Amino acid sequence: MNTVQFDLGGGAVLALPTATVAEKLIGSLQQATPEAIVQPPVRQRIGEYLPGQGGVYAGDILGDDGVLYGLVIAEPKDVGMAAWGPEGDLDMSAWDGLSNTNTLRDKYPAAKLAGDYEADGHCDFYLPARREMMIALANVPSLFEKSDWYWTSSLRGAYPWAVVFEYGIVRFNFRGDEFRVRPFRRFAL
């Protein structure tokens, strides 16, 4: 029997028969209005809270996958401070914080802290990648503490990138340093 597997996070996987998934999906699509299928969240102006989206709209990013995403930054504040995590060879994306966090969250404190955050019914928050954090640095620096460093989920070699908003500095740091963690989430446009 062919199955479709759904990753529920935390190592949990749900496997359903392909025929059942297809039947339910087709039924849902037949009942849905076209607007319900294609409309992303209504975007506000940069720096404004997005109702029902768990945070503030920070701008758009074009992913390496060719998709344009809207970025949402958890509001009102950071979720704490944490070390980035243990040593080890990792291949992290410069733009895809969600993928990075899914890889890191079991053993890496900063990624776990960001990935555990929930707001407005959304549980898809993550530790942002370097390029996502650069969008925040350019568009909404006032949302961040000025004198503190913030982790990203991206690496330069074995060292994770971090950002300090007061001076606009982006550099790589030691994994054992404790820096601030600010969850992000995104939606496809």
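All values derive from a computational prediction rather than experimental measurement. Sequential numbering from 1 along the given sequence is applied to the chain's residues. Quick note: numbers below take in every heavy atom, side chains included, and nothing from hydrogens, waters or symmetry partners.
- Remark: aromatic rings of Tyr159 and Phe174 are close, center separation under 6.0 Å.
- Between Trp95 and Tyr69, the ring centre distance stays below 6.0 Å.
- The cationic atom of Arg130 (NZ for Lys, CZ for Arg) lies less than 6.0 Å from the six-membered ring centre of Trp161 and within 45° of the ring axis.
- Across every non-hydrogen atom of Val164 and Lys146, the tightest pair is CG2-O, 3.6 Å.
- Looking at Trp84, its side chain does come within 3.5 Å of a backbone N or O of Thr152 through a donor-acceptor pair.
- Comment: Glu145 does not engage Arg182 in a salt bridge, judged by the lack of any side-chain N to carboxylate O separation of less than 4.0 angstrom.
- With Arg175 contributing its side chain and Pro86 its backbone, the two residues share a donor-acceptor pair below 3.5 Å.
- Leu98 and Asp124 make their closest contact through CD1-O, 4.1 Å (heavy atoms, listed as atom of the first residue, atom of the second, distance).
- One N or O on the side chain of Ser153 and one on the backbone of Leu127 form a donor-acceptor pair closer than 3.5 Å.
- Residues Pro109 and Lys107 approach most closely at CD-O, 3.7 Å, considering heavy atoms.
- The backbone N or O of Arg171 sits less than 3.5 Å from a side-chain atom of Asn173, completing a donor-acceptor pair.
- Of the possible donor and acceptor atoms, none in the side chain of Ser154 sits under 3.5 Å from a partner among the backbone N and O of Ala129.
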Tyr150 vs Phe144, ring pair (Phe, Tyr, Trp, His ring centres under 6.0 Å): CA-CA, chis, key distance, verdict: CA-CA 9 Å; Tyr150 285 82; Phe144 296 82; 4.9 Å; yes
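- The shortest side-chain heavy-atom distance between Leu143 and Val56 falls under the 4.5 Å cut-off.
- For the pair Asp116 and Arg105, the salt-bridge criterion is met [side-chain N within less than 4.0 Å of a carboxylate O].
- Contact of the Leu50 side chain with the Phe187 side chain is registered, since non-hydrogen atoms from C-beta on lie closer than 4.5 Å.
- At distances below 3.5 Å, not a single donor-acceptor pair connects side-chain atoms of Asp78 with backbone N or O atoms of Gly80.
- Ion pairing between a basic and an acidic side chain is recognised when a charged N comes within 4.0 Å of a carboxylate O; Arg131 and Asp64 show such pairing.
- In the hydrophobic clustering of this structure, Tyr167 groups with Trp149; members are Ile, Leu, Val, Met, Phe, Trp, Tyr whose side-chain heavy atoms approach within less than 4.5 Å, directly or through other members.
- Rounding to the nearest 0.5 Å gives a distance of 13.0 Å between CG of Leu104 and NZ of Lys112.
- Salt-bridge formation is not detected for the pair Arg185/Asp120: no Lys NZ or Arg NE/NH1/NH2 atom is positioned less than 4.0 Å from an Asp or Glu carboxylate oxygen.
- For Asn100 (side chain) and Met92 (main-chain N/O), no donor-acceptor pair under 3.5 Å exists by modelled atom type.
- At least one side-chain heavy atom of Phe165 sits under 4.5 Å from a side-chain heavy atom of Met133.
- Below 30°, between 30° and 60°, or above 60°: for Tyr117 and Phe125 the angle between ring planes is above 60°, a perpendicular geometry.
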Could you give me the CA-CA distance, side-chain angles and deciding distance for Asp60 and Leu189, then say whether side-chain contact (heavy atoms from CB on, under 4.5 Å) is met? CA-CA 9 Å; Asp60 299 340; Leu189 298 174; 3.5 Å; yes
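- Across Ala82 and Trp151, no two heavy atoms sit closer than the pair O-NE1, 2.9 Å.
- What you find for Thr101 and Ala111 is that their closest heavy atoms are CG2-O, 3.6 Å.
- Between Val181 and Met81 the shortest side-chain heavy-atom distance does not fall below 4.5 Å.
- With a 4.5 Å cut-off on side-chain heavy atoms, Val170 and Leu137 count as touching.
- From Ile61, atom CD1 reaches atom CG of Leu71 across 5.5 Å, with rounding to the nearest 0.5 Å.
- Among all heavy-atom pairs drawn from Ala58 and Ile73, the shortest one is CB-CD1, 3.5 Å.
- Leu113 and Tyr126 fall into different hydrophobic clusters, where Ile, Leu, Val, Met, Phe, Trp and Tyr residues are linked whenever their side-chain heavy atoms come under 4.5 Å apart, directly or through other members.
- Side-chain contact between Val140 and Ile46: present, with at least one pair of heavy atoms (C-beta onward) separated by less than 4.5 Å.
- Side chain of Glu132 to backbone of Gly97: a donor-acceptor contact under 3.5 angstrom is found.
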